[in-house]
Structures are given as structure tokens and as C-alpha cells.
Student: 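Take this structure, written in C-alpha cells, and hold onto it; I'll ask about it next.
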Amino acid sequence: MGPFDYAQDRPENIDVILNGLDRYNPETTTTFQDYVMVQCENSAFYDCYANLALLKLYQFNPHLTRDETITNILVKALTVFPNPDFSLCLSLLPTHVLQKNTASAGDGSLAEAVQKLNSLNNLLAGADYTAFWEKLDSDDLYADLIADVSGFEDSMRVRIAVTVGQAVREVEKGLLESWLNLQGPEFDHFVQVFGWEIAGDSIKVPLNKENKAEGTIVTENVKFEQFGRLIKRAYEQPA
Amino acid sequence: MSYRNGDTAARAPADESDVEEEALVNDYREQVRYDGGLDELDRVTSLSGSGQDIHAQLAAAATPLEFQATLETKFASYDNYCSLFHFILNSDGPVDLEVPSYYWAWDVIDEFIYQFNSFCSYRQKIALKADNLEEIQLLRDNPNTWGCYSVLNVLYSLIQRSQISEQLAAMKRGEEGSLYAGEYGNRPLYKMLGYFSIIGLLRVHCLLGDFSLALKTLDDIELNKKAMFARVMAAHFTTYYYVGFSYMMMRRYADAIRMFSHILVYVSRTKNFQKNAQYDSITKKNDQMYALIAICVAFHPTRLDDTIHTALREKYGEQFNRLQRGGPEALPLYEELFRSACPKFIAPTPPDFDNPEINIDPVEHHLKVFMDEVKNNMWSPTVKSYLKLYTTMDLKKLAGFLEVEPDKLRCWLLVNKQRSRQVRWSEGGLLEGELINSSDLDYAMEGDLIHVSEAKVGRRLVDWYLRNLARTY
């Protein structure tokens with residue numbers, strides 16, 4: 001796992017901006033915005049550190065703010081839950097966006113969109129995947145919000161499956177169907193791609209590092225240096 | 001040198017002659033102040049004046065403003081900083097200044113950021129309340145005063161002039177830093193200003209809610225007792241507070257605890273040698289860090305250093321227990337502790353005076369983000385306390401004990417499992433780290449059967465062996 005500021009395949013020009021003072025230059029806003037679009041078009045590509053730099057530019061230059069770019073960044077951040085990316089993005093947004101009284105249903109404001117996405121984020125963070133899909137389906141606004149992010153639903157399924165696979169060795173089929181919001185042949189296919197086994201009414205997840213849940217005994221790591229003083233003193237003793 | 005949170009008592013009364021000097025300088029600044037003007041640093045005429053002036057300015061720059069300072073005084077103080085930094089940065093070659101003390105550079109950067117911080121908070125409050133029309137007009141007329149770009153400009157310029165990053169990088173490689181210091185960076189004034197500007201950036205980024213950039217800023221600085229900041233107690237303290245807080249907001253609780261513990265242990269060990277104003281002034285921040293460490297330990301149960309543990313019990317005994325129990329009852333407590341211990345977050349741009357109600361205090365915003373995370377986690381302590389008692393357990397049976405729907409319990413189990421995986425630092429920059437299982441409890445579900453395992457700590461023999469061996473000499 002790379003450090004937080006690392007992104008695989010980050011173009012060099014973005015890297016140069018991020019590591020220099022140009023990250024504060026309002027003229028780089030469009031470069032970052034285009035970069036967000038590239039991330040939206042490619043579901044496997046994501047660069048949180050660069051997106052945060054764009055949100056900071058918006059924070060410093062509110063007149064440059066583009067609401068749909070902000071929501072696209074937030075939607076991308078959902079696809080890497082349970083990482084803290086979504087919260088870190090929220091921290092750079094205008095302070096009123098999470099306040100209940102600043103948005104009313106259907107007013108099309110940034111606050112309304114952010115609050116909607118935040119409720120999705122909370123369902124994911126609470127591992128209530130069934131409710132997540134229901135919520136996503138409950139309002140046309142969600143369809144608008146995720147429209148730019150290609151493969152959003154599949155990304156979420158993969159992410160959910162990964163978190164489930166860490167905690168589960170066997171799970172009831174109906175339950176997994178509702179967690180993944182998939183049925184029938186599509187479900188069977190998805191599960192098989194993951195290498196999971198369908199055994200009648202339940203799905204078996206092969207053992208991995210996380211779902212083994214082995215007891216361990218933490219033992220001391222003894223370093224030679226710890227004995228340094230002792231050995232030194234042994235030499236210091238008068239003959 | 002004091003830690004301030006808008007708390008008058010914590011601020012040492014300025015020496016009378018300083019006040020006089022400051023008044024003089026402010027008066028002078030008032031007269032040369034332009035209206036508007038985009039390039040803050042250039043807008044004040046550079047100092048060509050007598051040595052008297054510059055010494056007054058040097059002293060004023062490191063002196064806290066009166067708590068009741070008017071907006072005019074705050075504007076004037078800003079101009080004072082601009083002209084001082086302009087003089088230091090843009091004179092013909094490095095300037096020769098005799099600074100009042102070795103920690104003057106820290107005091108200046110500290111006070112500069114403190115005033116920026118309190119100005120932004122004040123402006124936001126005035127806009128939200130919307131009843132002081134006179135001040136609102138004054139603030140509308142001066143949108144660029146204490147602007148975020150100027151403040152960052154000062155800090156980055158000081159860093160670049162001193163080539164401090166290059167110096168630190170060289171020192172990290174084991175080379176002589178001064179070889180890379182250049183004309184400016186070889187002078188203590190520039191070197192110290194540059195160095196403390198890095199700490200200043202850490203603080204500003206954190207105040208603006210940019211926690212990852214805050215940590216990234218310290219890439220060149222190695223956190224250890226030999227670091228330059230460790231020579232100035234307040235700088236040492238500030239660094240660990242903001243690093244720890246940024247880690248906490250990135251949900252790296254183990255790393256946050258490591259930072260807070262380090263500095264709290266250090267303070268408790270050295271407090272007997274530091275019985276002076278410097279020490280008194282950090283008492284409040286000290287308490288804030290205990291509150292933060294209590295929060296982090298509740299998220300991530302850890303064995304603390306004995307000194308810290310005892311102090312934590314003394315300060316937050318009952319509250320600490322409630323945090324660790326979790327559940328909805330603990331929520332107000334998390335809120336209270338976060339509010340009392342977080343930095344005074346700011347919004348960097350002028351507020352929207354035409355729509356007072358949207359100028360929410362940034363502290364409330366960050367509190368909301370943080371509390372969502374607390375809520376998502378609040379059942380983890382309950383789940384863990386039960387699972388500890390078993391090696392296998394039926395999910396429906398456990399749901400019965402907890403009086404909760406089995407489906408709900410399944411969510412809690414998934415959440416707790418995910419949250420026990422945390423990024424933890426082992427080497428390199430502060431943002432680096434490995435994803436590890438940070439809990440002493442692990443489990444997996446096989447249908448409705450929960451398999452529980454525990455990580456046990458084996459006997460620690462080396463310490464015992466060494467101690468006994470030492471006795472035989």
C-alpha cells in the first residue's frame with residue numbers, strides 16, 4: 001500500500017503541480033477538473049490527493065467552484081469506502097453544506113447533493129449495504145449524481161464484496177444478493193469471478209488472510225542493542 | 001509565548017513600554033495603509049527608516065494583541081507583519097537583524113498565525129450574527145486583509161528564501177545542511193524563520209481542514225528529540241498537537257495516540273525543569289491533548305504509558321469510562337470533548353455578508369464530519385466486550401443478548417472488522433504506513449456462527465532478565 005499522497009498512473013504534469021506552489025494557482029483549476037473527468041471515465045483510476053488539491057482551490061477561490069465537479073469527487077470517494085477519503089473531502093467544503101437548514105428537498109443546491117451523498121456514505125460506513133442500494137434507488141437525484149462516474153454500481157459491488165470477504169467464510173445466498181443488489185445469472189457470474197463457491201443456499205468464501213481470524217501470540221522482538229549497556233559494563237569491570 | 005484560545009487569562013500582559021511602542025507602530029502603519037491593493041506584501045512601503053522603527057516592529061510582531069483589540073488594530077497589525085516580512089524577504093540581500101531572543105522566530109510565526117486564525121474566526125462570527133453593521137462594512141471594505149493567499153505566501157516565501165527544505169533534506173542524508181543553505185539560509189534569522197514556517201504551514205493546513213497536506217508538509221522534518229523544534233518548548237508542543245490531530249482526522253488512531261503520548265510523556269517528565277511562563281501557557285493545550293487521547297483510545301483501545309494513563313484517569317475518569325463503553329449515551333460526550341480540544345478551525349475566505357445564515361462556524365462543520373464517524377462506530381465497544389467472552393458464538397443468540405435484530409448485529413460486526421484495520425506508520429514520511437489489524441480481537445462469520453480469536457501478548461522476558469542481571473554486577 002502506497003502512502004496517502006501516492007496514486008498509481010498519476011500523470012507527470014499533475015505530479016509537478018501537486019508538489020509545487022502551482023497547486024494554489026487558480027489557473028490550474030481547469031487542469032484538475034479535467035483530471036477529475038478522466039477519473040470518472042475510468043472506474044479503476046482514482047487520485048484522492050489531487051482531488052483534495054482541487055477542493056482546496058475551490059475553498060480559496062469560491063467563485064471558481066463547480067458543483068458537479070465537487071459531487072463527482074465525492075462519488076468517486078464513495079467507491080473506496082471504508083477509507084476516510086469521503087470525510088477528508090467533506091472537510092474542505094463550505095461549512096454550511098452539512099447543515100440541515102441550508103438545503104430543502106429538490107432545491108438543486110450543493111448542500112442538498114452533499115447531504116444526499118453523505119447519507120449514502122453513512123450507510124456504507126455502517127455496513128448496511130442493503131439499505132445503501134435501497135437509498136440509491138429511492139430518488140432520481142441519486143441517478144443524476146452518479147451519472148458521470150462510469151461503472152459506479154459495479155465499483156461499489158466490488159468494494160462491498162471485498163469488505164464482506166474479509167469478515168465472512170460463508171454467507172447465506174439471499175443475504176449476499178441483497179448486499180450486492182444482484183440476482184440470478186448476474187449474481188452467479190459475479191460471485192464466480194471472485195472465486196467464491198456457490199453451495200446450495202449459501203456462498204463459501206475461501207480462506208484469506210483476514211477471514212482466517214487466527215489467534216496469535218505476540219512475542220517479544222529482542223534486539224541486540226538492548227544488551228548494549230550490559231556488555232559495555234562487562235568490559236568496564238576492573239580486571 | 002503563550003497558547004491562546006481567545007482566553008484572556010492565558011495571555012501574559014505585555015510590558016508597558018511594548019504597548020507604547022506598539023501603539024506608535026500601529027499609528028505609523030495606519031498612516032501608510034492603502035485601500036485595497038492586491039499584492040499585500042508590496043502594498044506597504046518598505047522600511048528604510050531608522051533602527052528604532054525596526055526594533056519596535058520586531059518586538060510588536062512577537063507580541064500578542066490585546067484581547068479586546070479593535071478591527072482597526074487588527075488591520076494595523078496585519079500591515080505591520082506585511083511590511084516586516086517584506087523588509088526581511090525583499091530587501092537587497094539578506095538583512096542584518098539582531099533579534100530579541102533565540103525563540104523570537106517561533107514567537108513571530110506563532111503570533112502571525114494566531115492573529116490570522118482569530119481574525120478569520122471573528123469575521124465569520126460577525127457575518128453569522130449580522131448585527132454589527134459598522135464592523136460588517138469595515139470588513140466588506142477590506143476583503144484582502146489577513147487573506148489566506150498572503151498568509152501562505154509569507155510562509156512559503158520564508159521557506160524558499162532560507163532553503164530550509166534543501167538543508168533538512170541534506171541533513172537527512174547525513175550531509176552538512178549549511179552547504180545547501182545559500183546566502184540567506186546560513187543566517188540564523190532566516191534559517192529559524194524558514195524552519196518554523198514549516199511548522200506554521202502544518203498548523204494552517206490543519207486549521208483549514210486539509211489534514212493530509214498538513215502531514216505532507218512535515219516530509220522534511222524528522223520527528224525526534226534532536227529536531228530543531230524541540231529546542232523551543234511551545235514549538236515542540238504545537239507540532240505534536242497538530243500532527244496528532246491530523247492523524248486522528250485521517251482515522252489513524254494508533255498514530256495519533258503515539259504522537260499525543262510522546263509529547264505528554266515529555267511534558268510530564270520535564271515539567272519540574274520548566275516552571276516558568278512557557279510551561280504555564282501550555283497547560284491548556286496539555287488538557288486538550290488528554291481529551292484527544294481519550295477519544296483515540298476509545299476508538300482504538302491501547303495500553304498507554306503509565307504516566308499518561310494515571311493522568312487520564314485523574315482528568316477524565318468517569319468520562320473516559322463512558323467513552324469506552326460507547327453507544328448513544330457516549331455521543332454528547334464525544335461532542336463535548338471534540339469541541340473543547342479541536343483547533344479553532346477557520347474558513348479562509350471572506351464570509352457571505354448577504355446571507356448571514358450560511359456562515360456556519362467551521363468548528364461545527366468539522367464536528368459534524370467527525371460525529372458521523374463516531375456514530376458509525378458507536379457499537380464496536382459493545383460487540384467487542386461480548387465477543388471477548390467466547391471462542392464461538394451464534395449470531396442470533398448474541399443478537400438476543402444485545403436485544404437487537406440479527407441483521408443489525410451483522411452490520412455492527414462488519415463495521416468493527418473494517419475499523420480494526422488501520423493504517424499505521426512504520427517508517428518514512430508521516431503519510432506512509434501499512435494496513436494492519438490493530439485489534440487484539442479478531443473474528444470471522446461462517447453463516448450464523450462467529451469464530452472468535454484473540455491475540456495474546458506473550459511474557460516479556462528481556463526486561464526482567466536485564467534488570468536482574470544488572471543486580472548481579
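The sequence lines fix the lettering, A, B, ..., with proteins before strands; numbering per chain opens at 1. For the numbers below, each heavy atom of this structure counts, side chains included, while hydrogens, waters and symmetry mates do not.
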Student: Please say which of A:Asn121, A:Asn122, A:Leu123 ends up in a side-chain contact (heavy atoms from CB on, under 4.5 Å) with B:Asn376.
Tutor: A:Asn122
Student: For chain B, which of A:Lys56, A:Lys212, A:Gln166, A:Glu172 has the most heavy-atom pairs under 4.5 Å?
Tutor: A:Lys56
Student: Check for a donor-acceptor pair, side chain of B:Lys417 on one end and backbone N or O of A:Thr163 on the other, with a separation under 3.5 Å.
Tutor: no
Student: For the CG atom of B:Leu435 and the CD atom of A:Glu210, what is their distance to the nearest 0.5 Å?
Tutor: 7.0 Å
Student: Backbone N or O of A:Leu90 within a donor-acceptor pair of the B:His365 side chain at under 3.5 Å?
Tutor: yes
Student: Counting heavy-atom pairs under 4.5 Å to chain A, which of B:Lys216, B:Glu364, B:Arg252 comes out on top?
Tutor: B:Lys216
Student: Nearest 0.5 angstrom please: A:Ser202 OG to B:Glu446 CD, how far?
Tutor: 9.0 Å
Student: Show the numbers, then the answer: is there a side chain to side chain contact (heavy atoms under 4.5 Å, CB included) between B:Leu213 and A:Tyr49?
Tutor: CA-CA 8 Å; B:Leu213 191 58; A:Tyr49 192 64; 3.4 Å; yes
Student: Are any side-chain N or O atoms of A:Thr95 and backbone N or O atoms of B:Asp361, one a donor and one an acceptor, separated by less than 3.5 Å?
Tutor: no
Student: Check each atom of A:Leu21 against the heavy atoms of chain B and say whether the ones under 4.5 Å are side chain, backbone, both or neither.
Tutor: side chain
Student: Check the surroundings of atom NZ in A:Lys204: do more than 12 heavy atoms from other residues, nucleotides or ligands lie under 6.0 Å from it?
Tutor: no
Student: Using heavy-atom distances under 4.5 Å, tell me whether B:Tyr465 contacts chain A through its side chain, its backbone, both, or neither.
Tutor: side chain
Student: Does anything in residues 117-132 of chain A pair up under salt bridge (charged side-chain N to carboxylate O under 4.0 Å, His left out), and if so which pairs, sequence neighbours excluded?
Tutor: A:Asp128-B:Lys408
Student: Taking side chain as everything from C-beta outward and backbone as N, CA, C, O, which of these in B:Leu152 sits under 4.5 Å from a heavy atom of chain A? Side chain, backbone, both or neither.
Tutor: side chain
Student: Under 4.5 Å, counting heavy-atom pairs only, tell me which of B:His205, B:Glu373, B:Gln124 racks up the most with chain A.
Tutor: B:His205
Student: Contact part of A:Pro82 toward chain B, heavy-atom cut-off under 4.5 Å: side chain, backbone, both or neither?
Tutor: both
Student: Between A:Leu88 and B:Met250, which heavy-atom pair has the shortest distance, and what is it?
Tutor: CD1-CE, 3.9 Å
Student: Identify which part of A:Asp85 has an atom lying under 4.5 Å from any heavy atom of chain B, answering side chain, backbone, both or neither.
Tutor: neither
Student: Just give me the residue among B:Arg251, B:Met445, B:His451 that pairs up with chain A most often, heavy atom to heavy atom, under 4.5 Å.
Tutor: B:Met445
Student: Let's test your reading of the structure: which of B:Arg421, B:Met249, B:Lys375, B:Gln160 forms the most heavy-atom pairs below 4.5 Å with chain A?
Tutor: B:Arg421
Student: Not counting sequence neighbours, which residues clear ring-ring contact (aromatic ring centres under 6.0 Å, His included) with B:Tyr149? List them please.
Tutor: A:Phe60
Student: Kindly indicate whether the side chain of A:Leu98, heavy atoms from C-beta on, has any atom under 4.5 Å from the side chain of B:Val369.
Tutor: yes
Student: Where do A:Ala127 and B:Cys411 come nearest, in terms of heavy atoms and distance?
Tutor: O-SG, 3.4 Å
Student: Quick check: does any side chain N or O of A:Glu170 sit under 3.5 Å from a backbone N or O of B:Leu449, one acting as donor and the other as acceptor?
Tutor: no
Student: Considering only heavy atoms, which portion of B:Pro362 lies under 4.5 Å from any heavy atom of chain A: side chain, backbone, both, or neither?
Tutor: both
Student: Heavy-atom pairs under 4.5 Å with chain A - which of B:Phe211, B:Tyr156, B:Tyr443 has more of them than the others?
Tutor: B:Tyr156
Student: Quick check: do B:Glu357 and A:His96 have side-chain heavy atoms less than 4.5 Å from each other?
Tutor: no
Student: Step by step, would you call B:Ser212 with A:Leu52 a side chain to side chain contact (heavy atoms under 4.5 Å, CB included)?
Tutor: CA-CA 9 Å; B:Ser212 54; A:Leu52 289 171; 3.4 Å; yes
Student: Within the structure provided, determine whether A:Tyr129 and B:Leu414 are in side-chain contact (heavy-atom separation under 4.5 Å).
Tutor: yes
Student: Is the shortest heavy-atom distance from the side chain of B:Asp407 to the side chain of A:Leu175 under 4.5 Å?
Tutor: yes
Student: Heavy-atom pairs under 4.5 Å with chain A: which of B:Leu413, B:Thr349, B:Ile450 has the most?
Tutor: B:Thr349
Student: For the residue pair A:Ser91 and B:Gly209, what are the closest heavy atoms and their distance?
Tutor: CB-O, 3.5 Å
